[in-house]
Amino acid sequence: MVDRFVFVKLGDAEASRREQRARWLSEHLRAAATADVVSVDVGVPADDSAVRWDISAVIRVTSLDGFRRFAQRPEVDAIMAELASVSAVVKAWTFAHVDG
């Protein structure tokens, strides 16, 4: 299993729409999911430890190749482009599970 972690700091004009943007991201990522995608979890900060970020997303996939197939879909590219257009910062990392 592989997790793709995405952290988003919205631009000033979008900060007040954090909840709506998070719901939008969740809906669109889930709609674009392939058979390789195990789960999509999108959230907003629950406490002060995460206030630097507005939105987090964790996309769990079966493998790194599965993530690459998902990420290369035109729908996913469009989602990420839209997200980038309303964000000051988007950071992403991919981690493999140590237990398989």
Steps toward side-chain contact (heavy atoms from CB on, under 4.5 Å) verdict (V37, I59): CA-CA 7 Å; V37 176; I59 304 160; 4.3 Å; yes
ring-ring contact (aromatic ring centres under 6.0 Å, His included), paired with F5, selected from F95, F67, W93: F95
Same apolar cluster (I L V M F W Y, side chains within < 4.5 Å links), M80/W53: no
Over all atoms of both residues, closest heavy-atom pair of S87 and V8: OG-CG1, 3.2 Å
Residue pair R60, V2: steps toward the side-chain contact (heavy atoms from CB on, under 4.5 Å) verdict: CA-CA 6 Å; R60 179 162 289 174; V2 171; over 6 Å; no
Donor-acceptor pair between S49 and D47 side chains, under 3.5 angstrom: yes
Co-membership, hydrophobic cluster, residues V90 and V86, 4.5 Å side-chain: yes
Steps toward salt bridge (Lys or Arg N to Asp or Glu O under 4.0 Å) verdict (E82, R21): CA-CA 10 Å; E82 168 68 17; R21 280 290 174 186; 3.1 Å; yes
Distance-minimising heavy-atom pair for L10 and R18: CD1-CA, 3.8 Å
Path from L64 to V6 over hydrophobic side-chain contacts below 4.5 Å: yes
Verify same cluster id: V76, I55 (apolar side-chain graph, 4.5 Å): yes
Shortest non-hydrogen contact between G66 and D36, atoms and distance: CA-CG, 3.5 Å
Interatomic spacing from CD1 in I79 to CZ in R73 - rounded to 0.5 Å: 9.0 Å
Shortest non-hydrogen contact from A50 toward P45: O-CG, 3.5 Å
CG on L29 to CH2 on W24, rounded to 0.5 Å: 7.5 Å
Pair T94, R4: side-chain N/O donor-acceptor within cut-off below 3.5 Å: yes
